[in-house]
Amino acid sequence: MTDDDTMRLIEALTAKAQPVKRLRPPGLRAVIWLGAVGVAITLAICLFSDLTLLTRRFQDARLVWEMAGMLLTGILAAVAAFHLSLPDRSAAWALLPLPTLAWWFAAMGYNCYQHWFTDGWALGSSWACLKFVVGASVPLGGTLFFLLYRAAPLAPVRVATLGGLGVASIAAFTLQFFHPFDVTFMDLATQMIVVGLVVLAASGYARLRRDQTR
Amino acid sequence: MQTGDRDGDRWGAFMAAAQDGDRHAYETLLREILPYIRSVVRALHGRPERAEEVTQDVLLTVHRVRHTYDPTRPFRPWLAAIARRRAIDALRRHRHTEVHEVFDEYAYETFADAAANKHAEMPTTAEELRAAIADLPAQQREAVQLLKVRGLSLAEASVESGKSIAALKVNVHRAIKTLRRRLTGEEL
């Protein structure tokens, strides 16, 4: 590797350079993705969920607090991932979803504790919850990662981890609309574990991809 | 965008023009930012040869992610973030490879490796070699074809494939190891 090699590289890069389309601002890209996801989820809820039953379930303030934590975590993690996919954004963006994540897990932990007293280790519909969160995370994650990788992020593992948290949180939020019965301790514990698994899978995928191309 | 950083503002204007397809502005930019990139990289990499390799990697990354530069924001922090990130990635990679793999600096480019001259002793036909290369994992096959079959330099191969120089070196090293094991049963 010499200075001449570097000069030849500059000439090769210049010769190959084509006009490029600038990325839109990250906030706008996040709003576009979240808007599209919001429309799809709203349609699915209107078409497939039992709205009468949902109205009754939503009278439980604990559930509403927990769902607010999930939704805000999903939105903020996605916004942070779009910002961090660019080279010159502060790493502090990674902290954005942490307060709402703490809020969600605190609400969920409290509900877990309450349900453990009444249900003990009853399985409920944990397996169905697991399948739903993973199944919903795949298309959400696919579209989000496609958009995030257009920026060719320099820290792909961090971006993927936040993206994974965003899609898993939104999937867990959506699950509540298709879960028209009271949850058990095991259902809540399963949700928490599945969110962790989706985040791990996303960061593992990013690590693998990074190691293959760098 | 005017930030008071005269060089940074000029580089930002060059990059905006380069994004629109102005090759002259792009070449001027890459030549002007080279000393700055070298200074960032050399702060982390002491050995000049390695620092130059990382500098080339930074240039390739700037090329790959140039669509992420927003002309309404200052240019220098964008460039500095890329240079620092790639320099740190290279440090981690070298630490990993020094522990796990043994490199011969001359083995990457065609015929630089003395072992390549062993072909007369190897009872391998062109068909067997072609088949063995075709059986390699995609990343290794691409590296062998660019560097050994077509004889490109690392920088040329990197521009053509979009892979970093380090990734090409790792893949060609692993490919040679795999080929030697398959064709001669010999470990590298």
Side-chain angles (χ1 to χ4, degrees), chain A residues 1-30 81-94 146-160 203 205-214, chain B residues 16 18-24 26-27 30-31 34 38 48-57 59-82 85-86 89-90 93 138-139 153-156 158-160 162-167 170-171:
Chain A
M1 297 287 160
T2 62
D3 293 5
D4 287 347
D5 288 334
T6 308
M7 288 305 164
R8 272 199 294 275
L9 175 63
I10 288 175
E11 283 162 19
L13 291 175
T14 307
K16 214 187 166 195
Q18 298 292 329
V20 289
K21 194 177 171 204
R22 291 183 195 107
L23 283 182
R24 292 193 181 101
L28 178 62
R29 296 171 68 223
F82 274 103
H83 276 276
L84 281 176
S85 67
L86 298 175
D88 54 347
R89 297 308 199 269
S90 164
W93 277 102
F146 172 76
L147 292 175
L148 290 175
Y149 272 85
R150 285 200 60 215
L154 296 178
V157 177
R158 188 163 53 195
V159 171
S203 61
Y205 170 73
R207 202 178 295 273
L208 189 71
R209 199 177 147 130
R210 179 195 64 186
D211 292 346
Q212 282 177 347
T213 55
R214 290 188 180 178
Chain B
Q19 288 174 324
D20 294 333
D22 183 341
R23 287 185 180 163
H24 178 68
Y26 192 41
E27 183 166 8
L30 294 182
R31 286 181 190 278
L34 189 55
R38 280 189 178 131
E49 175 124 339
R50 183 173 289 176
E52 201 57 26
E53 180 188 315
V54 179
T55 298
Q56 292 186 10
D57 212 16
L59 286 170
L60 285 160
T61 307
V62 166
H63 181 74
R64 202 179 72 236
V65 304
R66 66 193 189 282
H67 63 296
T68 66
Y69 172 64
D70 177 354
T72 63
R73 294 174 66 89
F75 180 82
R76 197 187 289 265
W78 181 86
L79 177 63
I82 294 171
R85 183 76 216 182
R86 297 306 282 150
D89 282 350
R93 202 167 45 234
Q139 310 271 345
S153 70
L154 282 164
E156 287 166 337
S158 182
V159 172
E160 185 155 330
K163 303 274 168 22
S164 72
I165 288 170
V170 168
N171 280 316

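Lettering follows sequence order; numbering is per chain, from 1. Computed from a predicted structure; not experimentally measured.
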Report which part of [X] has an atom under 4.5 Å of a heavy atom belonging to chain A: side chain, backbone, both, or neither.
{"X": "L34(B)", "answer": "side chain"}
{"X": "T61(B)", "answer": "side chain"}
{"X": "A16(B)", "answer": "both"}

### Message
Could you check whether any side-chain heavy atom of H63(B) comes within less than 4.5 Å of a side-chain heavy atom of V20(A), counting everything from C-beta outward?
### Response
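They are not in side-chain contact.
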### Task
Sort R150(A) into side chain, backbone, both or neither according to what part of it lies under 4.5 angstrom from a heavy atom of chain B.
backbone
#### Entry: Residue list, side-chain contact (heavy atoms from CB on, under 4.5 Å) with A30(A), at least two apart or on another chain
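For A30(A), the residues satisfying side-chain contact (heavy atoms from CB on, under 4.5 Å) (neighbours in sequence not counted) are V79(A), F82(A).
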### Query
Which residues satisfy the side-chain contact (heavy atoms from CB on, under 4.5 Å) test with T68(B), sequence neighbours excluded?
L23(A), L86(A), P87(A), A151(A), V65(B), W78(B)
### Query
Relative to the ring of W93(A), is the ring of H83(A) parallel (under 30°), tilted (30 to 60°) or perpendicular (over 60°)?
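Ring orientation of H83(A) relative to W93(A): parallel.
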